[in-house]
Amino acid sequence: MTNITRIPFDALPDQLQKDLGAKVERLGYLGEFFQVAAHQPEALYHFNRFTETLKDALPFNLVELIALTLSSWSGNAYERVQHERLSLKRGQSEAWVKDAEKGAPDTAATLNDIEKATQRLALSMATTQGRASQADAAALLKLTDQKILVGVMLTVGRYLAHSALSNTMQFKAPVPSPFGDPA
């Protein structure tokens, strides 16, 4: 779906330019998700603040695990490729990234117990919309604390929302996968 005008970075409201500036500088472009979502600039600003707040509230590996798990599960190559690159850049192994993308925590050799519990919860929330996720939430809580559990659940919601918009708009990954996978 390409009939929605993409709003370029320099046409964003000042507050959004300020908020997204470091990301645009790091990547070298303003992603299509942001160009489309900019039609709702206040919502986009708060969505980005929500994302950044959760990144600060959770360990890096859990945020990336959720992003990779759900972008793979939902077929959101736009987000998957971004997080493959970021995970590798921040020191996660190729095997860890691939285990996250498989979405099979019971056979994931490189995931630790907290990561496996997080992946189970993320997949349960995605596939059942949370209706059958209580046991998985309780299992994660036994390994972590309430702050982590709630952060994980909110992060799952964030990545599901991103996938819904990206898939509806049929966004393509703006850069190639580091694994040569089709984006």
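Note that the coordinates shown come from a computational prediction; the quantities given were computed from them, not determined experimentally.
Atom-to-atom distance recorded for Leu160:CG and Ile66:CD1 is 10.0 Å, nearest 0.5 angstrom. Taking CD1 from Ile114 and CG from Leu143, the interatomic distance works out to 5.5 Å, rounded to the nearest 0.5 Å. Rounding to the nearest 0.5 angstrom, the gap separating the CZ atom in Arg120 from the OG1 atom in Thr118 is 9.5 Å. Between the CD atom of Glu25 and the CG atom of Leu30 there is a distance of 13.5 Å, given to the nearest 0.5 Å. Atom OG1 of Thr51 is separated from atom CG of Asp56 by 11.0 Å, given to the nearest 0.5 angstrom. In this structure, Glu84 CD and Ser177 OG are separated by 3.5 Å, a value rounded to the nearest 0.5 Å.
Chaining together hydrophobic side chains whose heavy atoms lie under 4.5 Å apart places Phe60 alongside Leu86.
For the pair Arg6 and Ile4, the minimum side-chain heavy-atom distance is below 4.5 Å. You'll find the side chain of Phe34 reaches within 4.5 Å of the side chain of Lys23, heavy atoms only. Counting heavy atoms from C-beta on, the side chains of Arg90 and Asn61 never come closer than 4.5 Å.
In the hydrophobic clustering of ILVMFWY residues, with side-chain heavy atoms under 4.5 Å counting as a link, Tyr45 and Leu54 come out apart. Both Met125 and Phe50 sit in one connected hydrophobic cluster of ILVMFWY residues. Membership requires side-chain heavy atoms under 4.5 Å apart, directly or through other members. Under the 4.5 Å side-chain heavy-atom criterion for ILVMFWY residues, a single connected hydrophobic cluster contains both Val36 and Leu20. In this structure, Trp73 is a member of the same hydrophobic cluster as Leu62, with clusters built from ILVMFWY side-chain heavy atoms closer than 4.5 Å.
Shortest non-hydrogen contact noted between Gly75 and Asn167 is O-OD1, 3.6 Å. The minimum heavy-atom distance between Leu123 and Pro105, with the atom names listed, is CD1-CD, 4.3 Å. Of all heavy-atom pairs between Arg85 and Pro178, the closest is CG-CD, 3.7 Å. Residues Ser166 and Asn76 come closest through the heavy atom pair CB-OD1, 3.5 Å. For Leu121 against Ser133, the heavy-atom pair with the smallest separation is CD1-O, 3.8 Å. Here the closest heavy-atom approach between residue Ala126 and residue Leu70 is recorded as CB-CD2, 3.8 Å.
Evaluation of the side-chain hydrogen bond (donor to acceptor under 3.5 Å, both in side chains) rule for Ser72 yields no partner, not counting sequence neighbours. Not counting sequence neighbours, the partners of Ala95 by the side-chain contact (heavy atoms from CB on, under 4.5 Å) test are Ser93, Thr110. Scored by the side-chain hydrogen bond (donor to acceptor under 3.5 Å, both in side chains) test, Gln82 finds Tyr29 as partners (sequence neighbours excluded). Applying the side-chain contact (heavy atoms from CB on, under 4.5 Å) criterion to Ala37, with sequence neighbours excluded, gives Phe33, Leu44.
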Donor-acceptor pairs under 3.5 Å, side chain of residues 144-154 to any protein atom, not counting sequence neighbours: which ones?
from	atom 1	to	atom 2	distance (Å)
Thr144	OG1	Leu140	O	2.9
Asp145	OD1	Lys147	N	3.1
Asp145	OD1	Ile148	N	2.8

Can I get a per-line list of side-chain donor-acceptor pairs under 3.5 Å for residues 7-18, giving both atom names and the distance, sequence neighbours left out?
from	atom 1	to	atom 2	distance (Å)
Gln17	NE2	Phe9	O	3.2
Gln17	NE2	Asp10	O	3.2
Gln17	NE2	Leu12	O	2.9

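Judged by distance alone, the side chain of Ser124 and the main-chain N or O of Ala132 form a donor-acceptor pair under 3.5 Å. Distance alone, capped at 3.5 Å, is enough to place a donor-acceptor pair between the Thr69 side chain and the Ala100 backbone.
Every pair tested for salt bridge (charged side-chain N to carboxylate O under 4.0 Å, His left out) that includes a residue from residues 108-119 fails, sequence neighbours excluded, so the list is empty. Counting only residues at least two apart or in different chains, ring-ring contact (aromatic ring centres under 6.0 Å, His included) contacts with residues 126-159 comprise His83-Tyr159. The ring-ring contact (aromatic ring centres under 6.0 Å, His included) contacts involving residues 96-141 comprise nothing, where partners must be two or more places apart or lie in separate chains. Note on residues 148-158: pairs passing salt bridge (charged side-chain N to carboxylate O under 4.0 Å, His left out), not counting sequence neighbours, are Glu79-Arg158. Counting only residues at least two apart or on different chains, no salt bridge (charged side-chain N to carboxylate O under 4.0 Å, His left out) pair has a member in residues 123-143.
Under 4.0 Å is where a charged nitrogen must lie from a carboxylate oxygen, and between Lys55 and Glu52 at least one such pair does. Look at Glu94 and Lys98 and you find no salt bridge, because none of the NZ, NE, NH1 or NH2 atoms lies under 4.0 Å from a carboxylate O.
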>> side chain to side chain contact (heavy atoms under 4.5 Å, CB included), that's the test. Do Tyr78 and Leu165 meet it? Break it down for me.
In response: CA-CA 11 Å; Tyr78 177 91; Leu165 189 147; over 6 Å; no

